[in-house]
2 protein chains.
Amino acid sequence: MTNIRTVAKKAGVSVATVSRAMQKPDVVSEKTRKKVQEAARDVGYKPNMMAQVFRSKKTHSILVLVPDMSNPFFAQVISGIQKAVRPRGYNLVLGNTLGNQQTERDLAQLLITNQTDGIIQLSARYPLDEQDKGGHRLLPIVNCCECVNDDSMPTVQLQNEEAAKAMANYLVGLGHSRIGVITGPPESPLTIGRMAGYKAALEEHRLTFEQQIIVEGDYSLVAGEKGVAAILSCGVAPTAIFCFNDEMAFGAMRELKQQGLRVPADVSVAGFDDLPFSKYMNPALTSVRQPSLDFGAVAVNQLFELIEGRVMRQRHQLLPFELAIRSSTCEASNL
Amino acid sequence: MTNIRTVAKKAGVSVATVSRAMQKPDVVSEKTRKKVQEAARDVGYKPNMMAQVFRSKKTHSILVLVPDMSNPFFAQVISGIQKAVRPRGYNLVLGNTLGNQQTERDLAQLLITNQTDGIIQLSARYPLDEQDKGGHRLLPIVNCCECVNDDSMPTVQLQNEEAAKAMANYLVGLGHSRIGVITGPPESPLTIGRMAGYKAALEEHRLTFEQQIIVEGDYSLVAGEKGVAAILSCGVAPTAIFCFNDEMAFGAMRELKQQGLRVPADVSVAGFDDLPFSKYMNPALTSVRQPSLDFGAVAVNQLFELIEGRVMRQRHQLLPFELAIRSSTCEASNL
DNA sequence: TCAAAAATTGATAGCGCTGTCATTCGAATT
DNA sequence: AATTCGAATGACAGCGCTATCAATTTTTGA
């Protein structure tokens with residue numbers, strides 16, 4: 001094995017100098033730096049990163065905990081994280097938790113055991129046990145895309161409530177007075193926030209809230225189908241359905257079609273996320289656009305504030321949304 | 001810091017015994033194991049994984065090189081890899097290369113520098129320089145989803161040519177005699193294989209090959225739109241278009257609609273991959289189903305053969321395809 | 001019961017590197 | 001030429017753990 005000592009011998013300098021020449025080139029003289037670089041090249045030296053990591057206690061990697069890799073929204077967020085992390089010389093370790101809390105905990109232990117420098121958590125809960133909470137000082141863990149508003153960790157989140165309210169307002173503005181909703185898991189802060197926005201919009205326009213056209217989903221394609229089936233099965237169909245993510249909206253449109261209803265002529269459908277695909281649906285899906293790539297960038301910034309021990313100006317960052325109005329929504333037909 | 005020595009002292013045993021009690025519980029007596037476990041719990045001992053990794057030269061992580069994280073097909077493959085890797089106690093490190101060869105090389109250096117135990121490469125090229133090729137013995141690098149048929153690394157790939165041929169045959173069987181194609185990058189083995197299958201089907205039915213209705217794409221949504229535009233711009237439109245992935249098919253369907261052509265009444269469209277979304281398109285997309293999750297599992301198996309130095313029975317694994325026939329294709333209209 | 005074999009434990013080196021501190025060198029100043 | 005001072009380098013400990021081998025204890029079998 002060619003190690004640092006081989007290089008030192010070849011270059012006729014001490015191991016410390018070799019180390020410095022590689023890690024902090026500005027503190028060694030031009031001449032020795034050249035000498036060392038040549039020697040390293042000659043003997044084909046590759047520093048053993050594991051030794052470096054062990055010694056310097058910096059892994060240069062961060063862990064992303066993601067409940068579901070194959071969800072395209074998360075895939076985009078991860079892309080954003082990746083892009084923000086690479087220029088800093090960090091690597092991404094991916095932890096697919098499948099929503100399982102134990103897996104999440106196991107993976108988060110990587111932080112405690114020095115295997116990673118920080119964590120970006122894409123689910124709603126603090127990934128570690130209470131006992132590992134690191135006392136007064138915040139551990140380098142950042143929540144992204146969900147809204148955990150206690151102070152266990154900094155967050156980066158969308159203006160969720162406002163976004164849902166804006167979409168609901170838009171639908172109401174089209175003349176829809178009965179708007180069905182397919183939500184996320186009811187205990188999720190995301191669902192709670194978006195429902196609050198929805199209700200606020202109804203109240204503003206003095207529309208009555210109907211529990212029976214609100215159904216629960218799990219963000220999957222089939223949840224959209226089942227959701228529509230449930231809504232249709234209990235009486236007069238609403239003229240619009242607001243799905244709390246795009247995949248459920250895809251499912252919803254499919255089921256509506258299956259049941260002989262036209263989108264948007266009979267029922268308007270709106271989604272949330274604005275996946276790249278949504279524009280390509282037929283009809284193209286109206287949705288709430290989330291700045292998915294920015295999420296990653298901002299979360300990484302937050303995380304490095306923690307890792308480098310700087311004071312955080314703002315613990316909870318809110319990112320703006322946009323409405324992407326397309327052809328899956330139209331004016332309510334006046335029957 | 002509570003390290004192994006703290007535990008040893010507390011338990012009244014040697015550090016070696018503590019190490020053994022943690023790593024190979026079966027070689028220490030029940031009594032001491034209990035004693036050590038208690039002591040470890042009492043002092044809140046978390047082994048420093050970095051020291052372990054450094055010392056034992058096993059990182060228990062594997063690197064996945066992926067050209068584009070937000071491609072849902074890759075996302076699925078990665079999911080499959082993840083699932084196969086977790087039970088072995090390994091973690092996944094994700095390298096988003098964006099198709100950039102330098103990034104790929106940099107990341108692949110993690111193998112050389114002992115930062116990872118193996119690599120699964122989702123692009124078509126060998127990720128390291130020739131000089132790092134490890135001489136006679138194969139380095140633990142496996143290619144997945146692409147077809148590199150030299151012996152630089154084992155591969156897991158689809159029966160590509162057969163799949164494309166089957167789809168082309170199916171379209172011909174519906175009465176389509178002029179079938180446009182939107183391919184991948186022309187130099188890619190994937191494209192070459194699929195084109196070979198397409199041509200074979202034509203020849204079998206004595207149909208003429210028309211270069212002008214074959215256009216190049218890059219697997220993106222917009223490539224599908226542009227591809228259709230290009231095909232339509234040069235004369236009589238074909239009655240079917242075969243896209244070498246589903247995303248391009250989505251783009252193609254959109255552009256066809258935009259140009260006033262109906263799918264499938266005027267033009268049938270077929271894709272490749274069978275993404276979960278494809279079934280939800282309107283019309284639902286006919287496609288070649290790839291066993292995306294199996295890819296991951298098989299690739300991981302191959303990789304561990306290499307890591308554990310076993311002899312490989314089969315260097316190049318072929319996985320089977322299926323045709324998913326849906327409503328974006330139908331019999332050719334007889335004009 | 002006692003020697004031999006097996007199971008368990010302890011002592012210690014050292015993985016490859018970086019941090020620390022001491023030393024040396026070279027240029028600048030008097 | 002002598003002194004000073006900062007820059008550059010060297011020497012070396014030791015990070016926390018595991019591998020190795022030696023020492024000890026327990027078990028086994030005659």
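Remember, predicted model here, so these are calculated numbers, not experimental data. We name chains A, B, ... by the order of the sequence lines, and we start the count at 1 in each one.
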- Query: Considering only dG16(C), dT9(C), dT18(D), which nucleotide approaches the side chain of Q23(B) most closely?
  - Reply: dT18(D)
- Ignoring the backbone of N3(A), work out which of dT18(D), dT9(C), dC17(C) is nearest its side chain. dC17(C)
- Item | Which residue lies more 5' along DNA chain D, comparing T32(A) with M49(B) via nearest heavy atoms | T32(A)
- Task: Please work out if V53(B) contacts a base, only the sugar-phosphate, or nothing of the nucleic acid, heavy-atom cut-off 4.0 Å.
- Result: nothing
- Please determine if R125(B) and E104(B) form a salt bridge, counting it only when a charged side-chain N lies under 4.0 Å from a carboxylate O. yes
- Message: Can you tell me which residue among P154(A), P140(A), C144(A) is in a side chain to side chain contact (heavy atoms under 4.5 Å, CB included) with Q302(A)?
- Response: P154(A)
Distances under 3.5 Å between protein N/O atoms and the N/O atoms of nucleotides 11-14 of chain C, please, pair by pair.
{"residue": "dG14(C)", "atom": "N2", "partner": "R55(B)", "partner atom": "NH1", "Å": "2.5"}

- Is S19(B) near enough to dT18(D) that one of its side-chain N or O atoms lies under 4.0 angstrom from OP1 or OP2? yes
- Are OP1 or OP2 of dT18(D) and a side-chain N or O of Q52(B) less than 4.0 angstrom apart? yes
- Report yes if a side-chain nitrogen or oxygen of S56(B) is closer than 4.0 Å to either non-bridging phosphate oxygen (OP1 or OP2) of dT18(D); otherwise report no. no
Could you go through nucleotides 24-27 of chain D and list every protein N or O atom that sits under 3.5 Å from one of its N or O atoms, giving the distance for each pair?
none

- Y90(B) and H60(B) aromatic ring geometry - parallel, tilted or perpendicular at 30°/60° bounds: perpendicular
- Base, sugar-phosphate, or nothing: which does K58(A) touch, judged by heavy atoms less than 4.0 Å apart? nothing
- Item | Proximal nucleotide (of dG19(C), dC15(C), dG16(D)) relative to the R5(A) side chain | dC15(C)
- Would you say a side-chain N or O of K24(A) is under 4.0 Å from OP1 or OP2 of dG19(C)? yes
- Distance below 4.0 Å between S29(B) side-chain N/O and dT9(C) OP1 or OP2: yes
